[in-house]
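Below: the structure, in structure tokens.
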Amino acid sequence: MIESARSLRLWFAPQRIREEGETPDYRFSLANERTFLAWIRTALALIGGGFAVDQFLPDLAWGVRAGMALGLLAAGVLCALRAVNHWVRCERAMRRGEDLPVTRFPTLLGLVVAVVAVAMVVVVLFGRGGSR
């Protein structure tokens, strides 16, 4: 719990990370930052997809449309938050000379996207709630 609180504080005061361990090769820190940016791009794409489902499928039953849109929006929010957390955890591990942290988040994100994709396949194959 204390470690989680410390990581959360580093979200808002990243300069404090310099207090830990030794400065890693800058190439590793820059690679960590590029990974962070990739996660942010993924989050933006998921959020955009959630809005697209809501706006461009008005004939779809409200519950189905809202469920798919909210699933994508929630995945986008979680992805953005996880990006920051992962960046901090990796930076700390590199400074301490520890193994990089592992996470199940990519699996969770992949499952959410897969469920929404399967729902979209069903919509495409079987119509949009009787509007055909």
Side-chain angles (χ1 to χ4, degrees):
M1 183 67 174
I2 293 172
E3 195 68 22
S4 294
R6 184 164 167 77
S7 287
L8 188 59
R9 273 196 312 246
L10 290 173
W11 287 24
F12 303 101
Q15 69 278 4
R16 294 186 73 189
I17 206 158
R18 292 184 183 137
E19 298 169 4
E20 297 192 30
E22 297 177 12
T23 302
D25 185 328
Y26 71 92
R27 293 173 292 182
F28 298 125
S29 290
L30 292 174
N32 190 29
E33 187 173 319
R34 285 190 301 274
T35 301
F36 166 78
L37 293 172
W39 281 103
I40 292 297
R41 285 190 303 272
T42 301
L44 289 170
L46 289 165
I47 291 167
F51 279 117
V53 165
D54 184 55
Q55 294 299 307
F56 297 116
L57 296 174
D59 297 335
L60 192 60
W62 180 84
V64 173
R65 187 179 81 229
M68 288 190 299
L70 290 174
L72 288 170
L73 290 168
V77 168
L78 290 174
C79 191
L81 294 173
R82 186 68 179 130
V84 177
N85 187 47
H86 188 71
W87 176 82
V88 167
R89 290 174 61 211
C90 286
E91 198 66 28
R92 287 177 77 196
M94 286 188 296
R95 292 186 71 81
R96 293 174 171 178
E98 299 172 352
D99 288 340
L100 294 178
V102 295
T103 178
R104 291 188 183 110
F105 184 75
T107 302
L108 174 65
L109 180 63
L111 289 172
V112 168
V113 171
V115 166
V116 172
V118 167
M120 292 302 298
V121 167
V122 169
V123 167
V124 168
L125 289 177
F126 300 107
R128 297 181 179 194
S131 64
R132 288 187 178 181

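Between Arg95 and Glu20 no salt bridge is recorded (no basic side-chain N to carboxylate O distance below 4.0 Å).
Residue pairs meeting the side-chain hydrogen bond (donor to acceptor under 3.5 Å, both in side chains) criterion with at least one member in residues 108-125, sequence neighbours excluded, do not occur.
Across all their heavy atoms, Leu109 and Ala75 have their closest contact at CD1-CB, 3.8 Å. Taking every heavy atom of both residues into account, Ala80 and Ala43 meet most closely at N-CB, 3.7 Å. For Pro58 against Arg65, the heavy-atom pair with the smallest separation is O-NH1, 3.4 Å.
Taking hydrophobic clusters as Ile, Leu, Val, Met, Phe, Trp and Tyr residues chained together by side-chain heavy-atom distances below 4.5 Å, Leu72 shares a cluster with Met120. Val112 and Leu44 are not part of a single hydrophobic cluster, where members link through side-chain heavy atoms under 4.5 Å apart. Residues Ile40 and Leu10 fall within the same hydrophobic cluster, defined by Ile, Leu, Val, Met, Phe, Trp and Tyr side chains chained together at heavy-atom separations under 4.5 Å. Clustering ILVMFWY residues whenever any of their side-chain heavy atoms sit less than 4.5 angstrom apart, transitively, puts Val64 in the very cluster that holds Leu46. Residues Val77 and Phe51 do not share a hydrophobic cluster, clusters being chains of Ile/Leu/Val/Met/Phe/Trp/Tyr side chains in contact below 4.5 Å.
Counting Ile, Leu, Val, Met, Phe, Trp and Tyr side chains that sit under 4.5 Å apart, directly or through other members, Trp62 stands alone, with no cluster partners.
Atoms CE and CD, from Met94 and Glu22 in turn, are 13.5 Å apart once rounded to the nearest 0.5 Å. Atom CZ of Phe105 sits about 5.5 Å away from atom CG of Leu78, to the nearest 0.5 Å. The distance from the CG atom of Leu100 to the CZ atom of Phe28 is 9.5 Å, given to the nearest 0.5 Å. Atoms CE and CG, on Met68 and Leu73 in that order, are 12.0 Å from each other to the nearest 0.5 Å. Summarising the geometry, atom CG belonging to Asp54 is positioned 8.0 Å from atom CG belonging to Leu70; distances are rounded to the nearest 0.5 Å. Here the NE2 atom belonging to His86 is positioned 11.5 Å from the CZ atom belonging to Phe36, to the nearest 0.5 angstrom.
Between Ser29 and Trp87 there is no side-chain heavy-atom pair separated by less than 4.5 Å.
Taking a 6.0 Å sphere around CG of Asp99, one finds it holds 12 or fewer heavy atoms contributed by other residues, nucleotides or ligands. Atom CZ of Arg96 has more than 12 heavy atoms from other residues, nucleotides or ligands within 6.0 Å.
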Practice item. Could you give me the CA-CA distance, side-chain angles and deciding distance for Val88 and Glu91, then say whether side chain to side chain contact (heavy atoms under 4.5 Å, CB included) is met? Key: CA-CA 5 Å; Val88 167; Glu91 198 66 28; 5.9 Å; no

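Under the 3.5 Å distance criterion, with hydrogens and angles disregarded, no donor-acceptor pair is assigned to the side chains of Thr103 and Arg89.
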